[in-house]
Amino acid sequence: MTYCVGLLVKEGLVMMADTRTNAGIDNISTYRKLRVFGEDGKRIISIASAGSLSTTQALVNRLNEGVMMPGNEEPEFLETAPTMFRVAQIVGEAMVGAKKDIEAVVQQQEGVDIGVTLLVGGSIDGRAPRLFLIYGEGNFIECGMDTPYFQIGELKYGKPVLDRMLNYRTPLSKAIKIGLVSMNSTMRSNLGVGLPIDMLVVRPGQSTAALTRIEDSDPYYHDLGTRWANALKEALESIPDPDYPLPGEVAARR
């Protein structure tokens, strides 16, 4: 269980991921799902994952060891890929190989889910950040201006606020706030998603990243959740009550 979101606005890229892997009365654990590759100041590449941890680990190992791309005789690495598009291709190829590795191990077991979905974002040589959604089959799509975000994992609870409030020209600081509200709304409705939250922010022209881990004790995050809940209650109270008939009132209206 997880929730990851990537926001791509004119002023930069924001990626967030929770860290909960199991949820129950006596079974709660955490695992980092947002990984960063590259060298600060030259390239920042971040990968957020939702799905099988074993497949994710196999994929990361392949990326670290180098990925053999079709038609090439030498492995390729994220640290030397010329563009973010090539990064997405390398990660997609690593995904295919990782799934084959895991399938060979679990092929005799029924009901084992080895699927993984990824968000891959970042900047190389100060170019504008890009964001990709990579599916379990290794194919991918790129984030655009019309819908400037991607989600993976438990996405339904945090989607409405993104649809209503986020657009490509949203200021970066406000995009961060919207992303946190989306995370908070998801955690409110699904115990399978939980703190801490790992967050990465990248600005165009820099290829540097601000990395933050938001813990349970974070005062801003808790204040944001409280203010958002109160704002929703106040908005509801400000809307007139419906003028539809209620039980016992139908005869009187006639």
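Everything numeric here is computed off the predicted structure, so don't read it as measured data.
Contact annotation: the side chain of Val67 never approaches that of Pro75 to less than 4.5 Å [non-hydrogen atoms, C-beta and beyond]. Inter-residue side-chain proximity for Ser49 and Arg35 is flagged as met; some heavy-atom pair is nearer than 4.5 Å. Contact of the Ile134 side chain with the Thr117 side chain is not registered, since no non-hydrogen atoms from C-beta on lie closer than 4.5 Å. In this structure the side chain of Val91 reaches within 4.5 angstrom of the side chain of Ile47, judged on heavy atoms. Using a 4.5 Å cut-off on side-chain heavy atoms (C-beta onward), Phe132 and Val87 make no contact. Looking at heavy atoms from C-beta onward, Pro129 lies in side-chain contact with Pro204 at the 4.5 angstrom threshold. A heavy-atom distance below 4.5 Å is not found between the side chains of Arg62 and Glu65. Side-chain atoms of Asp18 and Glu154, non-hydrogen and from C-beta on, never get closer than 4.5 Å to each other.
Residue Arg127 qualifies as enclosed at atom CZ: its count of foreign heavy atoms under 6.0 Å is above 12. Open room surrounds CD on Glu74; 12 or fewer heavy atoms of other groups in view lie less than 6.0 Å from it.
A salt bridge is defined here as a Lys NZ or Arg NE, NH1 or NH2 lying under 4.0 Å from an Asp or Glu carboxylate O, and Glu142 with Arg130 meets this definition. Salt-bridge annotation for Asp125 and Lys42: absent, with no side-chain N of the basic residue lying under 4.0 Å from a carboxylate O of the acidic one. Under a 4.0 Å N-O distance rule, the pair Arg213/Asp218 does not qualify as a salt bridge.
Side chains of Asn72 and Glu76: a donor-acceptor N/O pair is present below 3.5 angstrom, by distance only. In the model, Arg203 has no side-chain atom that pairs as donor or acceptor with a side-chain atom of Gln206 under 3.5 Å. For the residue pair Thr2 and Lys33, a side-chain donor N or O sits within less than 3.5 Å of a side-chain acceptor on the partner.
Connection of Val116 to Val105 is not established within any shared hydrophobic cluster, with ILVMFWY side chains joined at heavy-atom distances below 4.5 Å, either directly or through further cluster members. Both Ile197 and Leu7 belong to a common hydrophobic cluster when Ile, Leu, Val, Met, Phe, Trp and Tyr are linked at side-chain heavy-atom distances under 4.5 angstrom. Side-chain heavy atoms closer than 4.5 Å link hydrophobic residues (I, L, V, M, F, W, Y) into clusters, and following such links, even through other members, never connects Val193 to Leu118. Taking hydrophobic clusters as Ile, Leu, Val, Met, Phe, Trp and Tyr residues chained together by side-chain heavy-atom distances below 4.5 Å, Leu63 does not share a cluster with Val96. Leu200 and Met84 are members of different hydrophobic clusters when ILVMFWY side chains are connected at heavy-atom separations under 4.5 Å.
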Item to complete: Go through the steps for Ile141 and Tyr135 under the test side chain to side chain contact (heavy atoms under 4.5 Å, CB included), then give the verdict.
Response: CA-CA 9 Å; Ile141 58 175; Tyr135 299 103; 3.4 Å; yes
Practice prompt. Using the side chain to side chain contact (heavy atoms under 4.5 Å, CB included) rule, take Val36 and Ile45 through it: C-alpha gap first, then chi angles, then the decisive distance, then the call.
Written response: CA-CA 6 Å; Val36 180; Ile45 298 166; over 6 Å; no
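To the nearest 0.5 angstrom, Leu131 atom CG is 9.5 Å from Ser46 atom OG. The CG atom of Leu34 sits 11.0 Å away from atom OG1 of Thr19, with the distance rounded to the nearest 0.5 Å. How far OH of Tyr149 is from CG of Leu166: 8.0 Å, rounded to the nearest 0.5 Å. How far CD1 of Ile102 is from CD1 of Ile114: 7.0 Å, rounded to the nearest 0.5 Å. To the nearest 0.5 Å, atoms NZ (Lys99) and CD (Glu137) are separated by 5.5 Å. The line from CZ of Arg32 to OG1 of Thr56 is 14.5 Å long, rounded to the nearest 0.5 Å.
The two residues Thr147 and Cys143 have their closest heavy-atom pair at O-SG, 3.5 Å. The heavy-atom pair separating Ile90 from Ala81 by the smallest distance is CD1-CB, 3.9 Å. The two residues Ser123 and Val202 have their closest heavy-atom pair at CB-CG1, 4.1 Å. Across all their heavy atoms, Leu119 and Gly6 have their closest contact at CD1-N, 3.6 Å.
Side-chain atoms of Thr226 come within 3.5 Å of backbone atoms of His222 as a donor-acceptor pair (strictly under, hydrogens ignored). Between the side chain of Glu39 and the backbone N or O of Arg43 there is no donor-acceptor pair closer than 3.5 Å. No donor-acceptor distance shorter than 3.5 angstrom exists from the side chain of Thr55 to the backbone of Ser52, with no hydrogens or angles considered.
Residue pairs meeting the ring pair (Phe, Tyr, Trp, His ring centres under 6.0 Å) criterion with at least one partner in residues 40-94, sequence neighbours excluded, are Phe85-Phe140.
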Please set out all donor-acceptor pairs under 3.5 angstrom arising from side-chain atoms of residues 173-184, sequence neighbours excluded.
{"unit_1": "Ser182", "atom_1": "OG", "unit_2": "Tyr3", "atom_2": "OH", "d": "2.7"}
{"unit_1": "Ser182", "atom_1": "OG", "unit_2": "Gly158", "atom_2": "O", "d": "2.7"}
{"unit_1": "Asn184", "atom_1": "ND2", "unit_2": "Tyr221", "atom_2": "OH", "d": "3.3"}

Show me, pair by pair, the donor-acceptor contacts under 3.5 angstrom made by side chains of residues 8-17, not counting sequence neighbours?
{"unit_1": "Glu11", "atom_1": "OE1", "unit_2": "Leu172", "atom_2": "N", "d": "2.9"}

